[in-house]
> 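Just dropping this structure here.
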Amino acid sequence: MSVPFPEPTTPVASRAEVFLGYLDYFRARLVSKLESLPAAELRASRLPSGWTPLELIKHLRYVELRWLVWGFEGGDVASPWADEQDGRWHVADDETLPELTAALAAQAARTREIVQSHDLADAGRPGDRWAGASPASLERVLFHLVQEYARHLGQLDVVCELAGGEVGE
């Protein structure tokens, strides 16, 4: 899956499409980097924090789920923290990169549906995600997701460099 970088000079229809374009790009880069890693590196950690590349893709899928479905829409999510176990990111032994990539793609489609059915100024629904605070606007949630992906992709770039995988944009 190849998605071109969303150049600032490329016209887009709306600010929402700017956010969606960056999220699509970051997801594509994430998957490309993970697919470039040797299989053994997907479950290995190269960093003192201990996370693995497979844990990262699962985490990012759940970040979108928590912020948009559980948070913004106030949807019923049975296990919003299913990417964690004992306070750490977690991937079961039987979870594979193709399965996690498919789950991320399904979440991406759901994200697009949510964004396209709301105005960026719309506030989220009150619920557990907000821990008593006023719900954030869709624009703030999307900005948070963009920074989350950008930060984690930078970290993954270091991991890929150390592990012999694809680096850079």
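Just so it is clear, the values below take in all heavy atoms, side chains as well, and ignore hydrogens, waters and symmetry mates.
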> Looking at residues at least two apart in the chain, or sitting in another chain, which of them share a side chain to side chain contact (heavy atoms under 4.5 Å, CB included) with Arg88?
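Arg88 satisfies side chain to side chain contact (heavy atoms under 4.5 Å, CB included) with Glu55 once adjacent residues are dropped.
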> So does Ala28 get a backbone contact from the side chain of Ser32, meaning a donor-acceptor N/O pair under 3.5 Å?
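No; judged by distance alone, with no hydrogens or angles, the pair does not exist.
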> Yes or no on side chain to side chain contact (heavy atoms under 4.5 Å, CB included) for Tyr149 and Gln147, after CA distance, side-chain angles and deciding distance?
CA-CA 5 Å; Tyr149 268 95; Gln147 76 76 31; over 6 Å; no
> So, Asp122 side chain and Asp119 main chain: donor-acceptor pair closer than 3.5 Å or not?
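Pair found, side chain donor or acceptor close to backbone of Asp119.
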> Are Arg61 and Leu100 side-chain neighbours, meaning at least one heavy-atom pair lies under 4.5 Å?
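They are not in side-chain contact.
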> Can any side-chain N or O of Arg140 pair as donor or acceptor with the backbone N or O of Leu120 at less than 3.5 Å?
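No: the side chain of Arg140 does not pair with the backbone of Leu120.
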> Check Thr52 against Ser45 and note the closest heavy-atom contact, atom names and distance.
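Nearest pair, atom of Thr52 first, then Ser45: CG2-N, 4.1 Å.
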> With the threshold set at 4.0 Å, does a side-chain nitrogen-carboxylate oxygen contact exist between Arg129 and Glu73?
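Result for this pair is no, no salt bridge flagged.
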> Are the charged groups of Asp83 and Arg66 less than 4.0 angstrom apart, N to O?
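Yes, this pair counts.
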> Around atom CZ of Arg15, are there more than 12 heavy atoms from other residues, nucleotides or ligands closer than 6.0 Å?
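Result for CZ/Arg15: open.
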> Run the ring pair (Phe, Tyr, Trp, His ring centres under 6.0 Å) test against His90 and tell me which residues pass, sequence neighbours left out.
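By the ring pair (Phe, Tyr, Trp, His ring centres under 6.0 Å) rule, His90 matches no residue at all.
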> Check Arg112 with Glu17, please: is the shortest side-chain N to carboxylate O separation under 4.0 Å?
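Salt bridge present between Glu17 and Arg112.
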> Would a distance-only check, ignoring hydrogens and angles, find a side-chain to backbone donor-acceptor pair under 3.5 Å from Thr101 to Leu97?
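Checked: pair present.
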> Would a distance-only check, ignoring hydrogens and angles, find a side-chain to backbone donor-acceptor pair under 3.5 Å from Thr96 to Glu99?
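A pair under 3.5 Å: yes.
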> Please state whether the rings of His144 and Trp67 are parallel, tilted or perpendicular, taking 30° and 60° as the class boundaries.
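His144 and Trp67: tilted rings.
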> Any side-chain to backbone donor/acceptor pair from Trp70 onto Ala78? Under 3.5 Å, distance only.
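Between the backbone of Ala78 and the side chain of Trp70 there is no qualifying donor-acceptor contact (under 3.5 Å).
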> Let me see the working for Val91 and Leu42 under side chain to side chain contact (heavy atoms under 4.5 Å, CB included), right down to the final yes or no.
CA-CA 11 Å; Val91 172; Leu42 291 171; over 6 Å; no
> Side chain to side chain contact (heavy atoms under 4.5 Å, CB included) for Tyr25 and Arg29? Distances and angles first, verdict last.
CA-CA 6 Å; Tyr25 174 75; Arg29 295 304 305 135; 3.5 Å; yes
> Taking all non-hydrogen atoms of both residues, which atom of Phe26 and which atom of Ala150 are closest, and how far apart?
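Where Phe26 meets Ala150 most closely, the heavy atoms are CZ-CB, 4.0 Å.
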> Please work out whether the ring planes of His59 and His152 are parallel, tilted or perpendicular, with thresholds of 30° and 60°.
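Perpendicular.
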> Measure across Leu30 and Ile57 and return the closest heavy-atom pair with its distance rounded to 0.1 Å.
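Minimum heavy-atom contact is CD2-CG1, 3.8 Å.
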> Can you check side chain to side chain contact (heavy atoms under 4.5 Å, CB included) on Leu34 and Leu156, steps first, answer last?
CA-CA 9 Å; Leu34 294 178; Leu156 182 59; 4.1 Å; yes
> Taking ring-ring contact (aromatic ring centres under 6.0 Å, His included) as the cut-off, I'd like each qualifying pair that reaches into residues 99-123, sequence neighbours left out, listed once.
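Passing the test, one end in residues 99-123: Phe72-His118.
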> Are Glu64 and Arg27 close enough for a salt bridge, meaning some N to O gap below 4.0 Å?
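Looking at Glu64 and Arg27, the cut-off is met.
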> Are Glu139 and Phe19 close enough that some pair of their side-chain heavy atoms sits under 4.5 Å apart?
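Yes, side chains in contact.
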> Taking all heavy atoms of Lys33 and all of Cys160, pick out the closest pair and write down the distance.
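Distance-wise, the nearest heavy atoms are CB-SG, 3.8 Å.
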> Do Glu95 side-chain atoms and Ala92 backbone N/O form a donor-acceptor pair below 3.5 Å?
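Such a contact is found between Glu95 side chain and Ala92 backbone.
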> For residues Leu162 and Arg46, report the shortest heavy-atom separation together with the two atoms involved.
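For Leu162 versus Arg46, the nearest heavy atoms are O-NH1, 3.2 Å.
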> Could you report the tightest heavy-atom contact between Pro53 and Ala44, atom names first, then the distance?
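Nearest heavy atoms, Pro53 then Ala44: CD-O, 3.3 Å.
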> Can you check whether Leu56's main-chain N or O pairs, donor with acceptor, with Trp89's side chain at less than 3.5 Å?
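Side chain of Trp89 to backbone of Leu56, a donor-acceptor pair under 3.5 Å: no, none is there.
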